[in-house]
Amino acid sequence: MQEKYFAQETEEKWQSNWEVDGIYKVSEESERPKFYLLEMLPYPSGRIHMGHVRNYSIGDVMARYKRMCGWNVLHPMGWDSFGLPAENAAIKHGKDPAEWTDSNIAYMRKQLKRLGYSYDWDRELSSSSPEYYRWTQWLFLQLHKNGLAYKKAQKVNWCPSCMTVLANEQVVDGKCERCDTSVNKRNLEQWFFKITDYAQKLLDNLEKLSGWPEHVKTMQHNWIGRSEGMDIEFRLVDVDGSLTVFTTRHDTLWGVTYLVIAPEHPMVDRLIAGKPNEAELRAFVADVISQEDMERTSEEAEKIGMFTGSYAVNPATGEKIPVWIGNYVLMEYGTGAVMGVPAHDQRDFDLAKKYGLPIKVVIAPEGTEGEALDAPSAAFTGAGVQVNSAQFDGMRSEQARPAMAEFLEQKGYGKRAVHYRLRDWLISRQRFWGAPIPIIYCDKCGEVPVPESSLPVMLPKGVKFMPTGQSPLLDCPEFVNTTCPTCGGPARRETDTMDTFVCSSWYFTRYTSPGSDTEPWSRRKADYWLPVDQYIGGVEHAVLHLMYARFFTMALHDIGLIGVEEPFTRLLTQGMVLLGGSKMSKSKGNTVDPDEIVERFGADTARLFTLFASPPERDLEWSEEGVEGCWRFLQRVWRLVAQCVNAGVFSDGVRGAAMSGATEGERAVRRAAHTALKKVTSDISDRHALNTAIAAIMEFVNSLYGLKDDVIATESGKKVIGGAIEMLILMLAPFAPHIAEELWADTGHDGSVHLVAWPEVDESALEASTVEVAVQVNGKVRDRIVLPASATEQDALAAALMSEKVAAAVAGKAVRKTVFVQGKLLSIVVG
RNA sequence: GCGAGAGUGGCGGAAUGGCAGACGCAUCAGACUUAGGAUCUGACGGGGCGACCCGUGAGGGUUCGAGUCCCUCCUCUCGCACCA
């Protein structure tokens, strides 16, 4: 066996063997417990990038490890293949989106296969294929049937570059999440999913997701934004009707000196009609509405307002208070109207100061009841003691709150209410390359769902793309014009398509039943595999994909289509791959091409480096030298095994991993093997600390190099070394599957190393006859002494006092106390 | 402002409250070589000839013992942010 390893030919050989033998295919018919391991569905942009390599390498280690541990592992791969880039390529280069997408998929599939991931490729799916989007449409119809999909006109986010509307989650800092263009608002009639019905459940279930990172749960928690308070009704004075405000501080109700409503509020017209300055008011309203959201809602933006000329009555005090229109009140949140409490809310305070509105203190900081009534210089927003609040005076505000709620509800002035920041999910897109929304409009029958038997509503071929801001399907008469399923009369199809996040909200369920063409999935199979036991992907989807998929799963559960409520039991969010401190990206030009790394070093090296350089959850700085280091390590492993093979370690057959060991050297080899195994096993399964698992294997290899020459000289030593080498290959298998497979064969084994059981730690092998113990005197390490492993505290102290250094530190003082940590440390306190 | 996370050698990073810096990279020295950008051996936080002293963002505290736990700050990253 030669001492140099040539990765490329070996890797390709095993990749084709694996494929021919189908060793990663799984079915439900298994005695083994199931484990569903999934990495987030990639978009087929054209080529894979290092972020993909890292994501899938992490997943592949876990999949291979779990498989070796005896689990029936489902590990599939597919494509999130609808979306804008395909359409942009169509517009720019005249390519058919389907062809562009398919050729990207073909290339990327080849890249993934070249990296040797253990996917069950028979389950591959592509969300843009009619076989898949047929069921996306079918699921839309189920949601529609159950009142969870509806159409309404609303002011929505519009990305002028993508020429489509966006969901709230897809707007980051006022910019399009995808292309970074500033979004603006348009009033459009759009399709929504009623995710707000699940706001409370999405929030409550977070507590059950103990396998999710805290920061992701926090982000979802904040995004859902539950707040508890009261809706309080203020009767209007000269106008019919009332205004309802939402407040979390009804303890400040007696301090309300005015109301403020959003310029978009439906009551605005009635409140300003006929007022002397009506024209001026209308101009003000129009001006505020026309402002971009960012300039209107940024914290620095000045609070401006205008008196409507109308009044309302504070139900608590009976006082007549003015109704204002303010730029800082948002129609989309709460009721679009707020009560102005300048003494206890900084925004209200700013407005009151600016326009000379009265300020009335009703909460005094503890111990300042008398003086607090003077004109404050800023709003006091903390808790305190009620003043000026009729029968509630003197109560602490926290206690006043429930008492007041009770009082207000009894009087019929308001009711306790919960509002969420979460809005319904806007799913329609004015683009071609998505799943058409299966709805038909008929002049007679109105909005009619496409019958399930007519699915899929296919995307037409040969569409002309013109970025007009309307779906290209509109210019496609053969698509638009149809007949009404109900009355048979002429009708038009919906031309908007679905947000691609809809496609990725259920794909993990489709993987359980690939190719099913009579139903989206087999209930039996889905029940067997779901939920996903371990999900891996980037944190950028914390409130996008991960929340949409949770909503979808809950909804499908409640409709009765699926057995689980939460799709992902454990979640690992892997960090980004950086080069020169910033995320690799084409636009910055700081990318490293996986193909090039595979070509130079092989897939095993590429995988190993992305796993070794940093713990999975943290960002990883790409380093050419680091990659070379991993390559050197694999060569070092190869050389070690080759030298053993050439020395005849395996000449009389395989070793079966069991090792006895009589001499000190043999025991040391055995100890090194099982120490490494113990660390690697717990690092993979408990902590997902793949970087330290690899470090432990490296240490193991280093110690084998040191021990081998002595031990290998005898027949018994050969057996011990052989067993250790087998363990090394098994431990390496999840991380560097190709070289492990080749070495497994070269050491005389039949069959794939990836089907061999993960070895078990032999605790007895870990025991050493002697241990080194650090000796501290008053907390400082003074010496290290070697003791028999069985030494007691007394033995240790006696031995320690024999040490010159320890004796010097103790000299002349009395030993007051000792602390002994078996095998590690002796702490002597003197004084 | 609110919430979450992080600050450790020249670098990436290790350390159930128990010998700080595992493992790797870079660097230096040596060996082997016609050669070495291969490989092997060794050194590698700072100071000091030395015994020793100092050292995990800063300052306190708990403890026989603190990178780790507690308190007060500082810096950075991420998320939310006029949400009533």
Side-chain angles (χ1 to χ4, degrees), chain A residues 3-4 172-173 213-223 225-227 229 245-249 252 260 262 296-303 326-330 332-341 345-348 350-351 381 419-422 539-540 542-543 578 608-609 612-615 617-630 632-633 635-636 639 679 682 689 691-702 705-706 772-784 804-805 808 816-831:
Chain A
E3 293 198 10
K4 186 155 164 57
V172 178
D173 287 335
E214 216 49 52
H215 67 281
V216 174
K217 290 195 278 187
T218 306
M219 280 161 74
Q220 293 209 355
H221 191 276
N222 291 343
W223 189 262
R226 180 192 154 99
S227 65
V245 305
F246 173 62
T247 180
T248 54
R249 291 297 305 276
T252 64
V260 198
R296 181 167 149 195
T297 60
S298 83
E299 205 152 358
E300 301 81 50
E302 198 188 358
K303 284 153 197 57
N327 66 335
Y328 67 98
V329 178
L330 306 172
E332 295 90 55
Y333 185 75
T335 59
V338 302
M339 53 191 216
V341 191
D345 182 288
Q346 194 56 44
R347 296 157 299 182
D348 298 342
D350 294 345
L351 195 83
T381 57
H419 287 268
Y420 300 90
R421 212 184 70 97
L422 181 71
V539 73
E540 66 273 16
V543 291
L578 313 176
L608 199 66
F609 175 73
F612 176 64
S614 178
E617 311 231 351
R618 273 209 251 166
D619 288 349
L620 178 154
E621 177 69 33
W622 188 263
S623 151
E624 189 75 30
E625 293 79 14
V627 176
E628 283 168 26
C630 288
R632 272 201 293 270
F633 168 68
Q635 291 291 335
R636 206 165 135 76
R639 211 158 40 237
K679 173 92 175 133
S682 68
N691 56 329
T692 52
I694 293 169
I697 300 175
M698 288 173 168
E699 273 185 87
F700 179 31
V701 169
N702 291 345
Y705 265 102
E772 193 186 77
V773 170
V775 182
Q776 291 183 346
V777 179
N778 284 355
K780 294 200 177 209
V781 177
R782 292 299 171 182
D783 202 2
R784 296 171 178 88
E804 270 177 46
K805 289 174 181 174
R816 288 168 176 257
K817 183 180 175 183
T818 58
V819 178
F820 184 56
V821 181
Q822 189 70 249
K824 284 196 172 156
L825 174 129
L826 174 71
S827 181
I828 304 171
V829 188
V830 300

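Just so we're on the same page: letters track the sequence lines, and every chain starts at 1.
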Reckon [X] touches a base, only the sugar-phosphate, or nothing at all at heavy-atom distances under 4.0 Å?
| X | answer |
| --- | --- |
| A:S623 | nothing |
| A:G225 | nothing |
| A:R816 | nothing |
| A:D619 | sugar-phosphate |
| A:K780 | sugar-phosphate |
| A:E772 | base |
| A:E621 | nothing |
| A:D350 | nothing |
| A:E625 | sugar-phosphate |
| A:R782 | sugar-phosphate |
| A:D348 | nothing |
| A:V338 | base |

Using whole Å, report how far [atom1] of [X] lies from [atom2] of [N].
| X | N | atom1 | atom2 | result |
| --- | --- | --- | --- | --- |
| A:R636 | B:rA38 | CZ | P | 14 Å |
| A:E624 | B:rG24 | CD | C1' | 15 Å |
| A:R226 | B:rA81 | CZ | C1' | 20 Å |
| A:F246 | B:rC82 | CZ | P | 16 Å |
| A:F633 | B:rC25 | CZ | P | 11 Å |
| A:Q220 | B:rA4 | CD | C1' | 14 Å |
| A:Q776 | B:rA20 | CD | C1' | 13 Å |
| A:I697 | B:rG24 | CD1 | C1' | 14 Å |

With both distances under 3.5 Å as the test, what is the Watson-Crick or G-U wobble partner of [N]?
| N | result |
| --- | --- |
| B:rG17 | none |
| B:rA51 | none |
| B:rG59 | B:rC71 |
| B:rG5 | B:rC76 |
| B:rA29 | B:rU41 |
| B:rG24 | B:rC11 |

Among the candidates [options], find the nucleotide nearest to the side-chain atoms of [X].
| X | options | answer |
| --- | --- | --- |
| A:N327 | B:rC82, B:rC40, B:rG18 | B:rC82 |
| A:A774 | B:rG18, B:rA84, B:rC19 | B:rC19 |
| A:T692 | B:rA84, B:rA20, B:rA22 | B:rA22 |
| A:F612 | B:rC19, B:rC23, B:rG79 | B:rC23 |
| A:A613 | B:rG12, B:rC64, B:rA15 | B:rG12 |
| A:K824 | B:rA84, B:rC19, B:rU16 | B:rU16 |

Answer syn or anti for B:rG9, where the cut-off is 90° from 0 on the glycosidic torsion.
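Syn, angle within 90° of zero.
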[N] OP1/OP2 closer than 4.0 Å to side-chain N/O of [X]:
| X | N | value |
| --- | --- | --- |
| A:N691 | B:rA14 | yes |
| A:N702 | B:rG24 | yes |
| A:T335 | B:rA84 | no |
| A:K817 | B:rC64 | yes |
| A:R632 | B:rA26 | yes |
| A:R618 | B:rU77 | no |

Show the nearest heavy-atom pair for residues A:M219 and A:A542, with the distance to one decimal.
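Nearest pair, atom of A:M219 first, then A:A542: CE-CB, 3.4 Å.
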Heavy atoms only: give me the nearest A:T381-A:D345 pair and the separation to one decimal.
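Smallest heavy-atom distance, with atoms named: CG2-CA, 4.2 Å.
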With nearest nucleotide decided by heavy atoms, which residue, A:E699 or A:Q635, maps closer to the 5′ end of RNA chain B?
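Its nearest nucleotide lies further toward 5', so the answer is A:E699.
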Verify side-chain contact (heavy atoms from CB on, under 4.5 Å) between A:N702 and A:R636, making sure each step is shown before the conclusion.
CA-CA 9 Å; A:N702 291 345; A:R636 206 165 135 76; 2.6 Å; yes
Heavy-atom count around A:H221 NE2 within 6.0 Å, excluding the residue itself: above 12?
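12 or below, so no.
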Donor-acceptor pair (no angle test) under 3.5 Å: A:K303 side chain, B:rC82 base
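Check passes, donor-acceptor contact within cut-off.
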